[in-house]
Amino acid sequence: MTKIGIVGCDGRMGQMLVREVLDTEGLALAGGVERAESDAVGRDLGELVGRGRNGLAVGIDSKTLFELADAVIDFTAPAAAVEHARLAAETRTALVVGTTGLTAEQEVALREASARTAVVWAPNMSVGVNILLSLVEQVAASLDAATYDIEIVEMHHRHKVDAPSGTALGLGRAAAKGRGVRLEEVWCKARDGHTGARQSGEIGFATLRGGDVVGDHTVVFAADGERIEIAHKASSRQIFAKGAVRAARWAHGKPPGLYTMRDVLGLG
Ligand code: NAD
């Protein structure tokens with residue numbers, strides 16, 4: 001039995017992850033923790049996710065959870081993910097991070113933790129998006145940057161706090177890699193007002209927010225007279241939860257290192 005801990009267990013993703021662990025054969029729930037201010041603290045974890053009492057109460061002691069678990073899954077917030085990476089390194093527990101919106105410094109903290117334990121970090125844990133990443137890199141590599149403009153459009157639910165989404169940035173990074181450039185040198189993350197004409201070689205982003213959209217991403221390669229669009233639409237968060245749980249199981253027992261979902265899925 002692989003023991004999985006969930007930090008942020010009362011979140012939209014956290015609850016789904018608890019259910020996914022309970023429903024997966026060969027896995028046991030090590031426990032779940034939340035912020036001290038959360039109403040979920042002290043409640044039964046099984047009841048919290050609508051699965052009936054299971055005797056584990058939602059706690060606030062992340063360190064003990066890391067000591068108990070073989071792998072911990074984090075879908076929380078950037079500052080919390082950094083603290084959890086530190087605990088994973090200290091306790092040598094495998095960590096799966098799905099949290100997005102990390103700053104460059106916060107990303108360094110994940111890299112540092114991965115020197116001491118296995119860390120799987122992916123802005124999108126679904127199989128489909130990870131296939132999309134490979135496709136986008138391939139298409140970008142085969143199209144001339146001066147002829148094909150790359151634009152990435154994403155839409156998410158009204159509660160999402162970071163923009164562009166981690167997945168959109170990941171798709172941008174894959175396109176930039178295909179073109180042999182660094183995304184940070186060519187990105188245009190938003191446009192407003194009199195921006196002037198589009199720069200050749202730019203990779204542009206557009207962000208939509210509204211309703212309960214789980215996550216839509218389209219990569220557009222636009223030339224004179226034609227365009228190619230490659231899209232992925234998520235209609236259930238379960239694809240992310242399933243991917244994260246698969247990653248946690250995969251990471252347990254792996255040597256220290258920073259892994260992506262493409263490693264977990266064997267996509268190279
Ligand atoms: P949410 O706000 O519903 O849930 C976050 C939970 O984390 C909350 O319950 C919050 O109380 C808890 N939390 C925050 N700080 C904590 C701490 N220090 N200790 C313990 N718990 C803490 O958000 P969500 O929609 O579940 O998304 C969470 C993150 O996951 C976001 O960054 C989102 O972009 C990302 N996400 C990633 C994927 C993916 O596949 N990688 C998919 C969906 C969402």
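Residue numbers run from 1 in the order of the sequence given. Order of listing sets the numbers, starting from 1, for every ligand and every atom in it.
One hydrophobic cluster, built from ILVMFWY side chains closer than 4.5 Å, holds both L65 and V119.
At a 4.0 Å heavy-atom cut-off, the residues surrounding ligand 1 are G8, D10, G11, R12, M13, E34, R35, F75, T76, A80, H84, G98, T99, T100, A122, P123, N124, M125, K160, F240, listed by chain and number.
T93 is linked by a side-chain hydrogen bond (donor to acceptor under 3.5 Å, both in side chains) to T91, counting only residues two or more places apart in sequence or in another chain.
Under a 4.0 Å N-O distance rule, the pair R173/E184 qualifies as a salt bridge. Taking the charged nitrogens against the carboxylate oxygens, K63 and E83 have no contact shorter than 4.0 Å, which rules out a salt bridge.
Side chain of T117 to main chain of P256: no donor-acceptor pair is present (N/O by atom type, distance under 3.5 Å, no hydrogens or angles).
Counting heavy-atom neighbours within 6.0 Å of K160 NZ, excluding the residue itself, gives a total above 12.
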